[in-house]
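Below is one structure, written out as structure tokens; comments come after it.
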Amino acid sequence: QVQLVESGGGLVQAGGSLRLSCAASGRTFGAYAMGWFRQAPGKEREFVAAIGWSGGSTSYADSVKGRFTISRDNAKNTVYLQMNSLKPIDTAVYYCAADRWGSPSVDTSDYNYWGQGTQVTVSS
């Protein structure tokens with residue numbers, strides 16, 4: 001069982017930066033791939049970024065490539081999402097998720113555990 005708690009969301013102007021954190025409980029955190037997803041009002045949840053269990057492999061949605069960076073610290077049971085050059089279209093609730101198979105996936109159905117989400121609002 002893994003419990004995930006996101007933090008770091010907030011209100012930022014376009015062009016600004018935020019760093020999201022996702023703290024995980026459980027001794028097996030290092031075996032899980034981790035992903036970040038987001039959901040805007042009236043839209044489906046969409047993939048943002050994912051990272052493999054060791055941190056050696058990552059994957060990004062085209063819409064965030066070059067602006068967002070996913071990383072993890074297995075010693076701290078934490079995964080991060082550094083978001084730079086934010087745009088109003090990035091406004092959404094951001095969720096972190098854990099996939100017990102260890103390989104980064106873009107598919108929400110591959111993830112076994114989800115956090116409660118953190119709101120990110122980018123003003124123009």
Side-chain angles (χ1 to χ4, degrees):
Q1 188 78 8
V2 175
Q3 292 184 324
L4 305 172
V5 179
E6 302 96 334
S7 61
L11 174 64
V12 64
Q13 288 188 331
S17 298
L18 282 174
R19 188 175 83 154
L20 304 183
S21 299
C22 174
S25 66
R27 293 176 293 176
T28 58
F29 172 78
Y32 286 76
M34 300 296 296
W36 285 98
F37 292 78
R38 65 187 182 188
Q39 188 166 19
K43 295 188 176 182
E44 292 187 354
R45 192 168 299 189
E46 66 174 4
F47 170 74
V48 175
I51 188 167
W53 67 273
S54 70
S57 59
T58 57
S59 179
Y60 295 92
D62 288 343
S63 59
V64 306
K65 278 181 182 176
R67 300 189 298 124
F68 291 10
T69 302
I70 189 171
S71 62
R72 67 189 297 161
D73 185 338
N74 287 345
K76 295 183 178 179
N77 279 16
T78 303
V79 62
Y80 305 97
L81 185 68
Q82 177 67 44
M83 305 186 296
N84 298 329
S85 302
L86 282 161
K87 305 174 182 179
I89 199 171
D90 296 317
T91 295
V93 177
Y94 283 70
Y95 299 89
C96 73
D99 174 1
R100 68 167 65 102
W101 293 110
S103 297
S105 171
V106 306
D107 192 343
T108 57
S109 65
D110 288 333
Y111 289 83
N112 310 102
Y113 305 101
W114 291 82
Q116 83 290 348
T118 186
Q119 177 70 47
V120 171
T121 303
V122 184
S123 63
S124 57

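Numbers here are sequence positions counted from 1. This one's a predicted model, so the numbers in the text were calculated from it and none came from an experiment.
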Sequence neighbours excluded - disulfide bond (SG atoms under 2.5 Å apart) pairs with any residue from [range]:
{"range": "residues 56-88", "answer": "none"}
{"range": "residues 77-124", "answer": "Cys22-Cys96"}
{"range": "residues 28-59", "answer": "none"}
{"range": "residues 35-75", "answer": "none"}

For [X], enumerate each residue passing the side-chain hydrogen bond (donor to acceptor under 3.5 Å, both in side chains) test, keeping only those at least two apart in sequence or located in another chain.
{"X": "Asp90", "result": "Arg38, Arg67"}
{"X": "Ser17", "result": "Asn84"}
{"X": "Lys43", "result": "none"}

Excluding sequence neighbours, so at least two apart, what forms side chain to side chain contact (heavy atoms under 4.5 Å, CB included) with [X]?
{"X": "Ser105", "result": "Asp99, Asp107, Asp110, Tyr111"}
{"X": "Thr121", "result": "Leu11, Thr91, Gln119"}
{"X": "Ala31", "result": "none"}
{"X": "Thr58", "result": "Ile51, Tyr60, Ile70"}

What pairs meet the salt bridge (Lys or Arg N to Asp or Glu O under 4.0 Å) rule with one or both residues in residues 68-77, with sequence neighbours excluded?
none

